[in-house]
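We count ligands from 1, going down the list as the structure has it; atoms in each ligand are counted the same way. For the numbers below, each heavy atom of this structure counts, side chains included, while hydrogens, waters and symmetry mates do not.
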Amino acid sequence: MPSAENPYYKKSLISVDDIKERQMLELLLEEAKKMGIHRQAKEALEYLKGHGVSLLFYQPSTRTNSSFHQAAQFLGASVYNPGSMQYSSVSKGENLPDTIRSIANTTDASLIVLRHPDDNSSRTADKFAKMVKPEPVPIINAGSGTLEHPTQALLDLMTIYSKMQTIDELKIALVGDLLYGRTVKSLAMLMARLTTGNEFAFVSPDQQKFPQEYLDKLPEGTSYTETEDLDSILDWADVVYMTRTQKEWFEAHGQMDEYEKLASAMQMTTERADEMHDGSIVMHPLPRQTELRYGVDSDPKAAYFEQMRFGLWTRMALMKLMLVEDPSA
Ligand code: NCD
């Protein structure tokens, strides 16, 4: 496949809007499927041999960090991952552009994966990484602020595709903190634009509603409802995507009283999972608090542990597509 047909090659992934077309999405899902087959056979791959992948995480992470790290290693890359930027020169006041240029140079990175609390962090990083010599370094946004988490949306879609055999004509309920949660925004925007016939329910307390500017951005004709009543969507939904109340953002906005009131407002319990129809699934990006009860874990509808494995495969697929011009070779 010539590079013109690999739209990921040497391009940054800052937003789900960078996944321009359905075909581009399908290329990634198919590649992720292949990565799953490689992993099941425990094959050592060399697609990224000689490449450096550097992980810069300014916010806590378990799944995103570990899966990117392993994904790069399983593809044969060498990985720089300090785990947290807490001990870097960031504590001496170094700014993001200097850190990006330093890491690009000292680690000879072919790719930088960035998680950061600022909404514009990945875009800023990308601007400076584009100036790195001898070659620009693409950035992958591994979660920025409250607005974007594009690789989570991709792995969520991979999960839906694998579990439901389709990403179209489904009923999707997005539940919990739709105000501060970034995963739900990225997933809803990606699905609404590149899938067909899906219906969405935005389920949250009034204070955590999916922001109006995001509702306004949904493509015309997108079918959705908003409700505060979790019980009302249980037997309707094919996918119930739970999210936690984002404590850190309530803290940052001085809203801890609100947080205490909202933290346990929406809960997936074993009784509620029983109300869901056969073949439906419960997803959650994790970490969880009280919104996803541990009893649900043994229900066959619980898809959130597999979701993590799909995350590994999806991130392998993404990095391969970004660094290998002809992915079919
Ligand atoms: C999410 C995140 O960082 O936005 N975590 C993840 O990447 N799996 C969800 C969250 O923190 O609630």
Side-chain angles (χ1 to χ4, degrees), residues 13-16 32 55-72 81 83-86 113-122 139-160 174-190 202-205 208 210-211 214 239-253 255 259 262-268 281-293 297 302-316 318-319:
L13 179 67
I14 306 301
S15 160
V16 283
L55 272 54
L56 301 187
F57 278 59
Y58 291 74
Q59 284 182 299
S61 171
T62 298
R63 285 147 290 273
T64 309
N65 189 286
S66 58
S67 61
F68 264 115
H69 188 133
Q70 282 301 96
N81 182 9
S84 148
M85 294 307 284
Q86 181 184 357
V113 181
L114 176 69
R115 167 170 289 197
H116 196 285
D118 295 346
D119 290 337
N120 286 324
S121 48
S122 278
I139 301 285
I140 298 178
N141 180 354
S144 54
T146 60
L147 303 185
E148 284 270 10
H149 197 344
T151 65
Q152 181 73 42
L154 291 168
L155 80 87
D156 291 340
L157 262 187
M158 178 62 190
T159 306
I160 293 171
L174 301 168
V175 184
D177 189 349
L178 310 183
L179 173 64
Y180 291 135
R182 54 194 175 194
T183 66
V184 274
K185 294 185 191 106
S186 286
L187 180 59
M189 299 321 287
L190 182 64
F202 297 104
V203 187
S204 71
Q208 293 171 299
F210 199 65
Y214 276 81
V239 176
V240 176
Y241 189 103
M242 300 296 301
T243 62
R244 78 184 164 95
T245 297
Q246 304 272 309
K247 187 176 181 184
E248 62 276 36
W249 295 108
F250 278 84
E251 230 157 22
H253 290 91
Q255 299 171 321
Y259 171 79
L262 294 168
S264 303
M266 299 270 154
Q267 296 196 343
M268 177 55 69
I281 56 171
V282 179
M283 294 174 63
H284 194 306
L286 271 80
R288 69 173 131 188
Q289 283 151 354
T290 52
E291 73 285 350
L292 177 57
R293 311 306 298 182
D297 297 359
Y304 34 91
F305 296 118
E306 280 171 276
Q307 193 177 343
M308 298 169 193
R309 196 167 292 263
F310 292 128
L312 172 69
W313 302 349
T314 305
R315 287 169 174 141
M316 287 175 74
L318 176 64
M319 289 194 283

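The closest side-chain heavy-atom distance from Phe68 to Met319 is below 4.5 Å.
Heavy atoms of Ala142 come nearer than 4.0 angstrom to ligand 1 in no pair at all. Heavy atoms of Arg115 approach ligand 1 to within less than 4.0 angstrom.
Considering each of Thr146, Asn65, Leu286, Thr245, the one bringing a non-hydrogen atom nearest atom 5 (N) of ligand 1 is Leu286. The residue from His284, Glu291, Arg63, Arg244 that puts a heavy atom closest to atom 10 (C) of ligand 1 is Arg244.
Under 4.0 angstrom from ligand 1, there are no non-hydrogen atoms of Gln59.
For Arg63, the CZ atom sits in a packed shell: over 12 heavy atoms of surrounding residues, nucleotides or ligands are nearer than 6.0 Å.
In summary, the atoms of ligand 1 found under 4.0 Å from a heavy atom of Pro287, numbered by their order in the structure, are 10 (C), 11 (O). Of all atoms in ligand 1, listed by their number and element, those nearer than 4.0 Å to a heavy atom of Gln246 are 10 (C), 12 (O). Applying the 4.0 Å criterion to heavy atoms of Gln152 picks out, from ligand 1, the atoms 6 (C), 7 (O), 8 (N).
To the nearest 0.5 angstrom, Asp297 atom CG is 4.0 Å from Phe305 atom CZ.
His149 and Arg115 share a side-chain donor-acceptor pair at under 3.5 Å. Using modelled atom types and a 3.5 Å distance limit, the side chains of Ser15 and Glu148 yield a donor-acceptor pair. For the residue pair Ser144/Ser121, the side-chain donor-acceptor check at 3.5 Å is not satisfied.
Nearest heavy-atom pair, Gln208 versus Asp177, reported as atom, atom and distance to 0.1 Å: NE2-CG, 3.3 Å.
For ligand 1, the polar-atom distance check finds an N/O of Thr64 within less than 3.5 Å of one of the ligand's N/O atoms. No N or O atom of Glu248 sits closer than 3.5 Å to an N or O atom of ligand 1.
In this pair, Phe210 and Tyr214 present their aromatic rings perpendicular. The plane angle is above 60°, beyond the 30 to 60° band.
Nearest protein heavy-atom contact of atom 4 (O) of ligand 1 is Arg182 NE, 2.8 Å.
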